[in-house]
Amino acid sequence: MSQPARAAAGRAETRILNFIGGEFVAAKSGKTFENRSPVDGALIGRVAEAGEPEVDAAVQAARAALAGPWGQLDIARRSEMLYAVADEINRRFDDFLQAEVADTGKPASLASHLDIPRGAANFKIFADVVKNVPSEAFQMATPDGRGALNYAIRVPKGVIGVICPWNLPLLLMTWKVGPALACGNAVVVKPSEETPSTATLLGEVMNKVGVPKGVYNVVHGFGPDSAGEFLTRHRGVDAITFTGETRTGTAIMKAAAEGVRAVSFELGGKNAAVVFADCDFDAAIEGVGRAVFANCGQVCLGTERVYVERPIFERFVQALKAKAEGFKLGRPEDKDTTMGPLISEEHRRKVLSYYGKAVEDGAQVVTGGGVPDMPGELANGAWVQPTIWTGLPETSAVIREEIFGPCCHIAPFDAEDEAIRLANDTPYGLATTIWTTNLARAHRVAAKIDVGITWVNSWFLRDLRTPFGGSKESGIGREGGVHSLEFYTELRNVCIKL
Ligand code: NAD
């Protein structure tokens, strides 16, 4: 290893480097970009921006790894290595936590029970899946009476380009890298420009546990005309897995069309909660409150549209308002902080533009709607108030478009069919939550909402063996458990004439 992932370059500043072929490297061009804290706008460090030469070197390193020792490892040995990766992340838990919290500004209490442990677990779960999944076999009759035997074998797809968002950086990245490596591929990861640190730190872990050079590579930069585009256009990349906005997915799909390369997409959402009058009221408030406000509303599976059956509408609005007003905004490391800032000033501008549109479109602002007064240096951070609206027409952009902030609109409904129609009236199809104590209704409604994931009386309860993904404009394909094998392996049929 030539340099550590985050080299000190001045008192408070760190340099975050690319990780290519097992080495931490700057860009040949010398280009860097700033990594700023969303909490107070302070400069965290400078990130080496990969150009085409670095992206090409990373792809070549990945190809070489496949042709070298990595390609020779059997599944048992590969799985042991991935277990070692998870253990080493857990051993360096505090380093990962500090890096993730610095980049995102999210409360340490959240990152320490979600982002980091799940980031580690993703390696173990897929190591287990790959070890235990059988393939299929068919005996067939032939005219000569001797028959034939067909069986399927799974082989790695090759070099996987992994393009990641900023909202759950380590968790969503390892959700792809875990299965990709478990299946025997090599990866080139392009983390979000907003959150470069934990992906880089993972390079140190890979070296420490002896993952061969070039199996895991990281290139930093932006999307168009930068590392993201260079990677997705690169013909040495065999398949691309992407989590991010639907619009970005469209651009990546065009790039992947050259060479007819496979894509797996986890995209945006505009998820509905449907709350029936027969729900467990307190559980619904708790669950919808988390779904709307967790991670400052920056969760793809989060809720931005809430439909509540009319008899409990007013009571629900008041209870969710109380919940929203109970959040404590503050520094991530403070124990009583329950909400952090948005990821960046740019994202805050976007969210505040919807706060403005809501008022223009005639919303009643139940709570929030603006920027909170934050003390001292925090005033330079990307803070917004948790916000609830009522009274908007369903045609408003605030109800149609993904905002990705701590906000929701609540509307009443009178009949089950109406609630289903409202929930489905969106180009997205990622997730929904249904709140009812009527079991028959729960099954009936769940089957009719066109999404990849439906929760009944809960939210974000994830069994990693289950299929994860979106319908309509929320994604292509499913990842999780055996479903990840569909994308990360090529299934070959072998037909033996007996
Ligand atoms: P984004 O689409 O702006 O960026 C995601 C990544 O794509 C970044 O690394 C970015 O640099 C890169 N990128 C941008 N343009 C590119 C291009 N032309 N070619 C190649 N790469 C490019 O998304 P974001 O703002 O980082 O994340 C928020 C979005 O992600 C929301 O829409 C959210 O719903 C979605 N999301 C979806 C899921 C899911 O599982 N469905 C999970 C988390 C986030």
Side-chain angles (χ1 to χ4, degrees), residues 125 129 133 175 243 246 249 264-292 294 299-313 316 320 394-395 399-402 408-487:
I125 183 102
V129 166
V133 174
W175 175 246
T243 299
T246 298
S264 174
F265 283 171
E266 293 175 353
L267 308 176
K270 188 70 183 177
N271 309 309
V274 179
V275 185
F276 289 96
D278 62 14
C279 69
D280 173 336
F281 188 84
D282 292 342
I285 289 295
E286 208 280 321
V288 174
R290 279 201 310 124
V292 173
V299 182
C300 56
L301 303 165
T303 300
E304 291 188 355
R305 300 181 295 142
V306 184
Y307 299 104
V308 180
E309 204 169 1
R310 201 174 300 272
I312 60 164
F313 178 74
F316 187 94
L320 200 66
E394 288 290 312
T395 50
I399 296 197
R400 309 295 308 168
E401 297 167 14
E402 183 185 48
C408 70
H409 179 258
I410 315 181
F413 70 86
D414 294 298
E416 187 179 300
D417 283 353
E418 180 193 4
I420 294 167
R421 182 181 56 71
L422 288 165
N424 281 333
D425 183 15
T426 167
Y428 292 108
L430 189 52
T432 197
T433 63
I434 300 168
W435 302 87
T436 178
T437 50
N438 178 333
L439 194 58
R441 163 140 61 201
H443 288 292
R444 194 165 60 230
V445 176
K448 288 185 184 158
I449 300 190
D450 191 0
V451 290
I453 305 150
T454 295
W455 279 286
V456 176
N457 298 329
S458 68
W459 177 73
F460 216 88
L461 190 56
R462 288 277 298 119
D463 182 325
L464 304 183
R465 297 167 298 184
T466 60
F468 179 89
S471 8
K472 302 199 277 188
E473 291 183 24
S474 288
I476 296 181
R478 295 291 180 270
E479 296 190 13
V482 294
H483 307 284
S484 289
L485 303 190
E486 297 305 316
F487 178 72

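Since we're looking at a predicted model, the values are computed, not measured.
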Look only at the side chain of [X] and the backbone of [Y], and say whether a donor-acceptor pair between them is shorter than 3.5 Å.
{"X": "W455", "Y": "L461", "result": "yes"}
{"X": "E402", "Y": "K270", "result": "no"}
{"X": "S474", "Y": "G268", "result": "yes"}

* To do: Report yes or no: is the cationic atom of R290 (NZ for Lys, CZ for Arg) under 6.0 Å from the centre of the six-membered ring of F460, at an angle within 45° of the ring normal?
  => no
Within a strict 4.5 Å, meaning less than it, do heavy atoms of the [X] and [Y] side chains meet?
{"X": "E416", "Y": "F276", "answer": "yes"}
{"X": "L464", "Y": "W175", "answer": "yes"}
{"X": "R400", "Y": "D425", "answer": "yes"}
{"X": "K472", "Y": "P427", "answer": "no"}
{"X": "C300", "Y": "E266", "answer": "no"}

* Asked: Between I312 and C279, does a side-chain contact (heavy atoms from CB on, under 4.5 Å) hold up when you go through it step by step?
  -> CA-CA 10 Å; I312 60 164; C279 69; 4.1 Å; yes
* Would you sort out whether F413 and E309 count as a side-chain contact (heavy atoms from CB on, under 4.5 Å), showing the intermediate values? => CA-CA 5 Å; F413 70 86; E309 204 169 1; 3.7 Å; yes
* Please test V451 against N271 for side-chain contact (heavy atoms from CB on, under 4.5 Å), starting from the C-alpha separation and ending with a verdict. => CA-CA 9 Å; V451 290; N271 309 309; 5.6 Å; no
* **Option passing side-chain hydrogen bond (donor to acceptor under 3.5 Å, both in side chains) with T436 (candidates D280, D278, N457)** => D278
* Asked: Does CZ in R462 sit with more than 12 non-hydrogen atoms of other residues, nucleotides or ligands closer than 6.0 Å?
  -> yes
